[in-house]
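Comments concern the structure below.
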2 protein chains.
Amino acid sequence: MPATLGGVPAPSAPRSTRGEQTRSHILATALRLFRDEGYDAATMRAVAAEAGVSVGNAYYYFESKDHLIQAYYEEIGKAHRELALARLTGVRDLAERLRVALDSHLEVIEPYHAFAGSFFRVAADPRSPLSPFSAESAPAREEAIRFFATVVDGSSTRIPAALRAELPRLLWLLHMGVVLYWVHDRSPGARRTAELVERGVPLVVKLIGLARLPGVRGALDDAIALIRSLMPPEPPIAPEAVRAPSRLLR
Amino acid sequence: MPATLGGVPAPSAPRSTRGEQTRSHILATALRLFRDEGYDAATMRAVAAEAGVSVGNAYYYFESKDHLIQAYYEEIGKAHRELALARLTGVRDLAERLRVALDSHLEVIEPYHAFAGSFFRVAADPRSPLSPFSAESAPAREEAIRFFATVVDGSSTRIPAALRAELPRLLWLLHMGVVLYWVHDRSPGARRTAELVERGVPLVVKLIGLARLPGVRGALDDAIALIRSLMPPEPPIAPEAVRAPSRLLR
DNA sequence: GTCTATAACACGATAGAC
DNA sequence: GTCTATCGTGTTATAGAC
């Protein structure tokens, strides 16, 4: 399979053969069913039937049901960045920029809240390629981190140099934490998560400012050294690791 | 079912009827198979066969396969506390006490590292009663938080009053974070997680000390207020919520 | 109340024919 | 590329035996 990667066509090859059309059709059907019926109710049989293809054909294009979620993530990520970047023009205050970034995300994922648990269960599996920490997720993860880099870079708020380099990754982690909270948030309209962002963001920015204090500086340097050591920016991804069968082990 | 709760007998009723013996036997067999073969390979059919009972009988005592994991958690928690408390006698330095607490846990869960992903996938589901944040997990969670309270209380290190009340819960959260890292840690012997504890604990204790700084104090108070508001110590658990069917929804 | 035996269901996933 | 048939799984149901 030269141009495909775990069933996903290389981004640079948008040829619209018949196969590509079938693939897109199955995917669109699956995403619609996910949203309308939930992940569990949208069985592969249902997806295939609704798309007018056989189960085997669906598996021909998507290695597993989980791989259909990958497309969902990509769609979410793209929609989030587009919405947030549009709203960020002209905004220079770091707290405000961060608030816009996180709030936009909550807005984009809101329709999926009822079924977030199903998606999350899959994503939380460390063996799943869908885990946000997996090697297969590296491209999406790095794109998200780059997004937070632009959130930081576009701000006029002064940031201690030692922190600046690591801040995008830390904010992405914070973002993951907000999502974790959101997934568990059963309050109507997920208003507690909204409150977490509203009150948490100024706090985070205040903490960033505190990094300048003489006493704090040493601890910060230690923390950054620790993060650098335990979260290597580019884990040694052998090329074959990306091409390896991404199906769940066992 | 008066004395049982989701198939688990009330802790205060250790009567050793024949049923209890069967139950323990099934459980012990399941845990052994989990450890030796992994969660996925240890099918319900295999557990029942190995225990010499019928599948129906296994389901008579355990509502679902996931519920077998609940017993695993309880066993882990108990072993951890026993090991850690024994090692903590005479230790007064907070950093050292915290290090012992976290290292002991890593030691206890080590045999399960290969299959941690399977367990974790189940526990990560917010709808699962096995989630560490679920209402059903409240007793185990509170016991764990009480454990961290003794870790804090037994130390001679001075802790800012504002922080002291929330510290056990925060340390439990930190603990959850360590486990999250451990589950994803593929380094031999999970040595990166060990490094995280070794270098992270002094850092955390240093940060606790920094809470005294005048500039930090305000941010800390904000943070604690936020935590109190968004992580209510006792979420309104209606009694029926505990008795409600704990099977996964749908 | 405890337990067996067996069949059946729907699911994710696969094999192999066309 | 696409299909039908089939597998193994968690789980449930039935119908009873001690």
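Each chain gets a letter, A, B and so on, in the order the sequences are listed, and its residues count up from 1.
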Base, sugar-phosphate or nothing for B/Val53? Non-hydrogen atoms, less than 4.0 Å. sugar-phosphate
Quick one: is C/dT4 close enough that its OP1 or OP2 comes under 4.0 Å of any side-chain N or O from B/Tyr60? no
Measure OH/B/Tyr39 against P/D/dG8 and give the value in whole Å, please. 20 Å
Aromatic centroids of B/Tyr39 and B/Phe119 separated by under 6.0 Å: yes
Write down the distance between CZ (B/Phe62) and C1' (D/dT12), rounded to a whole number of angstrom. 18 Å
Is any side-chain N or O of A/Arg18 closer than 4.0 Å to OP1 or OP2 of D/dT2? yes
Please report the distance, rounded to the nearest Å, between OH in B/Tyr61 and C1' in C/dC3. 8 Å
OP1 or OP2 of D/dC3 under 4.0 Å from side-chain N/O of A/Asn57: yes
Roughly how many Å is it from CD in A/Gln21 to C1' in D/dT2, rounded to a whole number? 16 Å
Classify the side chain of B/Arg45 and the base of D/dG10 as holding, or not holding, a donor-acceptor pair under 3.5 Å. yes
Is it true that A/His67 and A/Ser64 share a donor-acceptor pair across their side chains at a distance under 3.5 Å? yes
Quick check: do B/Phe120 and B/Leu180 have side-chain heavy atoms less than 4.5 Å from each other? yes
A/Asp40 atom CG is separated from D/dT11 atom P, nearest whole Å, by 13 Å
Under 4.0 Å between a side-chain N/O of B/Tyr59 and OP1 or OP2 of D/dT11, yes or no? yes
For a quick test of reading the model: is some side-chain N or O of A/Thr22 closer than 4.0 Å to OP1 or OP2 of D/dG1? no
Under 4.0 Å between a Lys/Arg side-chain N and an Asp/Glu carboxylate O for B/Arg192 and B/Glu195? no
Of the candidate nucleotides C/dT2, D/dG10, D/dT2, which contains the atom at the shortest distance from the side chain of B/Lys65? D/dG10
Taken to the nearest whole Å, CD/B/Glu20 to C1'/C/dC3 is 15 Å
If we ignore angles and hydrogens, is there a donor and acceptor under 3.5 Å between the side chains of A/Ser187 and A/Asp185? yes
C/dT2 phosphate, OP1 or OP2: any side-chain N/O from B/Arg23 under 4.0 angstrom? no
Nucleotide nearest B/Ser54 (side chain, heavy atoms from C-beta), chosen from C/dA5, D/dG1, D/dC3: C/dA5
A/Met44 CE - C/dT14 C1' separation (whole Å): 12 Å
Figure out the CG/P separation between A/Asp66 and C/dA13, and round it to whole Å. 6 Å
